[in-house]
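Remarks on the structure that follows.
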Amino acid sequence: MNFLLAATEPVVRLTPQARILAAVLAIAFMVLILDLIRRDKLLERYSIVWFLLGIGMLLGAIFPILLEWLAKAMGVRDVTIALFSVTLLILLALSLNFSVIASRQSKQITRLAQQSAIDGVEEESAETEEAEAEVR
Amino acid sequence: MERTLFHGSVAEKRAARLAHRHVESPASPGPACQNRSVKKLVFIPAWNEEQSIEAVIADAREHVPGADVMVVDDGSTDRTPELARRAGALVASLPFNQGVGAAHQTAYIYALRHGYEICGQLDGDGQHPASEVARLIEAVEEGADLAVGSRFADDVNPDIPEYRSTFARRLGQRLFSLLVSTSTRQTFTDTTSGMRALNVRAMEMFAERYSSEFAEVESLQQAVRAGLTVREVPVHMVPREHGHSFITPLTSAFYIFKTLVVLLIGQLRPRQVDQ
């Protein structure tokens, strides 16, 4: 029954200062995302995930019980560790996602470059043939 | 998505129109050639090769009569494309440097669209004598899907001096040969050779998917796994006249490591055998 002991020990929670700081940062983060969209620096489809992350941060700061549930579900006593682990996992998934997007786009760029190179040859050979026809 | 780019109706119609025109116009009074019916393309991938490109084009025209010569300019910043055009070659210019694989693939796509049946390729730096490429084309005419010129296989042409290489590069070559030979259960002695000839079947496969960074090595594995007949033909190559290889000891170690990973992943890919 040793494994149950961890849950009965006192939980390490976020301090009120930390919660206020997190809430302020979350709001600033969401304002930044909105501003980036407004100035056409960020496409909507890439912004949604960041916006959701901002909302998550805000909810975590306002309702500490959510983080405590999370920690309990993960089987860790310290709320901050649960928070760090989840954040790290989310960032890992996001950066992998961006690598996939970058690979797809680099393939598309190659295809476009090849298409443009081939178009160039075709145009040129059409022009030479026209020129030859004129000579005749 | 990617496929539609190349099978779009406008491009297709234009390609068909051009191909038709080629057929209609009686063959230009070129030198006598026994194989007039087989449409051949010899292409030269080139990135900043202004010092050697003209000689390479002339060599290709002399030794592969009846073939159209195309230079795939991989984003050169020097006079390579102008000189190539002046030397009478077709020039496909990639708008920016994309790596040798993308350049090869450009030529395959072009060749397929314009009805070429055999495609030969040689490097733009003058290392590959066109007379040897002509032998590779013969190998494809005799039934191989892909013929690869090897510097290290035995039986060589005595007219051209022996190819020299540094110890480190030879070591890397050996390692690649071992890896590719093991993975394909077929002996390959020169896996990084860019001197090749291929038929429509091989071009179609490479037009679909072709590694851009590890083109030469990975394509061998890909071809054998897809059930193509790959033949290695002993050839002579000449040491570079201008410029030097971008491979230095440190980067080559990393390159070998990356290639190892690529080959391992290639081994895990599903076999794409048709029929």
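Side chains included, hydrogens not; waters and symmetry mates left out as well; all remaining heavy atoms used. Note on naming: letters A, B, ... go to the chains in the order of the sequence lines (proteins, then strands), and numbering restarts at 1 for each one.
For Phe84(A), the CZ atom is loosely surrounded, since the number of other residues' heavy atoms within 6.0 Å does not exceed 12. The number of heavy-atom neighbours closer than 6.0 Å to CZ of Phe257(B), taken from other residues, nucleotides and ligands shown, is 12 or below.
Counting only heavy atoms from C-beta outward, the side chains of Lys107(A) and Arg209(B) never approach each other to under 4.5 Å. Here the side chains of Ile109(A) and Gln98(B) are in contact, with some heavy-atom distance below 4.5 Å. Counting heavy atoms from C-beta on, the side chains of Leu90(B) and Glu124(A) never come closer than 4.5 Å.
Atom CG of Leu94(B) sits about 11.5 Å away from atom CD of Gln115(A), to the nearest 0.5 Å. The line from CE of Met70(B) to CD1 of Ile118(A) is 7.0 Å long, rounded to the nearest 0.5 Å. Taking CG of Asp119(A) as the reference point, atom OH of Tyr110(B) lies at 11.0 Å (rounded to 0.5 Å).
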So Val121(A) and His114(B), side chain to side chain contact (heavy atoms under 4.5 Å, CB included) or not? Walk me through it. CA-CA 11 Å; Val121(A) 185; His114(B) 292 267; over 6 Å; no

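Looking at Ala111(B), there are no atoms closer than 4.5 Å to chain A (heavy atoms on both sides), in backbone or side chain.
In this structure, Gln114(A) contributes its side chain and Ala103(B) its backbone to no donor-acceptor pair below 3.5 Å.
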